[in-house]
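In what follows, chains are A, B, ... by sequence order, proteins preceding strands, each numbered from 1. Just so we're clear, the structure is a prediction, and the values are computed from it rather than from any experiment.
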Number of protein chains: 2
Amino acid sequence: MTNSKNDYFCFVISRNDLVTMQTKRKYYTAEQEKLARYAKALSHPVRVFVMDFLANNLDKCCYSGDMAEELPIARSTLSEHLKELKKAGLIQGEINPPYIKYCINREKWDEASKLLGVFFDR
Amino acid sequence: MTNSKNDYFCFVISRNDLVTMQTKRKYYTAEQEKLARYAKALSHPVRVFVMDFLANNLDKCCYSGDMAEELPIARSTLSEHLKELKKAGLIQGEINPPYIKYCINREKWDEASKLLGVFFDR
DNA sequence: TTAGTATTTCGTCTTAATACGAAATATTGA
DNA sequence: TCAATATTTCGTATTAAGACGAAATACTAA
């Protein structure tokens, strides 16, 4: 019997293991993945601007419109950037229609800060 | 005379000002842009892995192949990620054919560290 | 000079990001 | 109830990112 790429095999496997096999093996740590996610959230100047804006403003919260006035981009575009930051957890929006008040999510902000601090501090 | 979007105008303008007008107006600061660039460089887990790898290894430098062995991705893909990190300035490659020894670019690393430190420290 | 080696570049494909305007949403105040 | 308002979602388009294998590169050692 020869070995060939066209040989057939039969075996039993759990659904979970099958999913694991089919899914790309994870070769990086959870920390590395988390850091990459925070970095991605901050990988666009508009989003850095927004975080700066929220961090600097008096009451540390503000409306989408306040930021829209400072930026020469469509309001819908800003909205998508806000969505990205929300997805990453860095901000949260308190709905107060027709306004939405955005704030920094302190918990996640601190987590990102710590992760990056440890990463760079060596 | 009426105002219409189809009115014509004639004016003199320097080449520099023309370029400025044609280019998108910059509404974020140089610092914000720089931070976004570093963040983008770190926005993929493979690139975070690479920086960790370089920072942890004994002599603090290593070959592309050393990292390729740890990662289940094509060597050409790793090479593109290394190119991204080089473009951002975070690493530098000392050519020593057929090997290329990669090291962290301390100067840029420290700059990124400081930028992010200031950004998060509030 | 030639073969071997580590790495990169190139061509190609697929998916994700970014941007806009129009339309939808959800509330307040008339 | 209806209009006004701030914001988001949707549809669509364009550009960028990420992945791979094949081929190119540039050097060493035979």
Results of side chain to side chain donor-acceptor pair (under 3.5 Å) for A:H44 - residues two or more places apart only
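Partners of A:H44 by the side chain to side chain donor-acceptor pair (under 3.5 Å) criterion come out as none, since no residue qualifies.
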Could you check how far [atom1] of [X] sits from [atom2] of [N], rounded to whole Å?
X      : N      : atom1 : atom2 : result
A:I100 : C:dT28 : CD1   : P     : 13 Å
A:L85  : C:dA17 : CG    : P     : 13 Å
B:L78  : C:dT7  : CG    : P     : 9 Å
A:I91  : D:dT8  : CD1   : C1'   : 13 Å
B:Y102 : C:dA6  : OH    : C1'   : 11 Å
B:L71  : D:dG18 : CG    : C1'   : 14 Å
B:D66  : C:dT5  : CG    : P     : 17 Å
B:L82  : C:dT7  : CG    : C1'   : 10 Å

By side chain to side chain contact (heavy atoms under 4.5 Å, CB included), which residues pair with [X], not counting sequence neighbours?
X      : value
A:D110 : A:R106
A:S76  : A:A74
B:R122 : A:D52, A:A55, A:N56, A:W109, B:F119
B:S64  : B:L78, B:L82, B:Y102

List for me each residue that meets salt bridge (charged side-chain N to carboxylate O under 4.0 Å, His left out) alongside [X], sequence neighbours excluded, and say none if there are none.
X     : result
B:K87 : B:E84
A:K86 : none
A:K34 : A:E111
A:E80 : A:K83

Relative orientation of the end axes in the helix from C:dT1-D:dA30 to C:dA30-D:dT1, expressed as an angle to the nearest 10° (five pairs per end)
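The two end axes of the helix from C:dT1-D:dA30 to C:dA30-D:dT1 meet at 10°.
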Is the closest side-chain heavy-atom distance between B:L54 and B:C62 below 4.5 Å?
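B:L54 vs B:C62: side chains touch.
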Kindly indicate whether the side chain of B:L42, heavy atoms from C-beta on, has any atom under 4.5 Å from the side chain of B:L90.
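Sidechains of B:L90 and B:L42: in contact.
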Sub-3.5 Å pairs of nitrogen or oxygen atoms, protein against nucleotides 9-13 of chain D:
unit_1: D:dC10; atom_1: N4; unit_2: A:E80; atom_2: OE2; d: 3.3

C:dA19 phosphate, OP1 or OP2, under 4.0 Å from A:H81 side-chain N/O:
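For A:H81, the contact criterion (side-chain N or O under 4.0 Å from OP1 or OP2 of C:dA19) is met.
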Measure from the side-chain heavy atoms of B:K40 and tell me the nearest of C:dA17, D:dT8, D:dA16.
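Nearest listed nucleotide: D:dA16.
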Can you sort out which residues in residues 41-50 of chain B have a heavy atom within less than 4.0 Å of DNA chain D? Ascending by number, please.
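Residues of residues 41-50 of chain B under 4.0 Å from DNA chain D: B:H44, B:R47.
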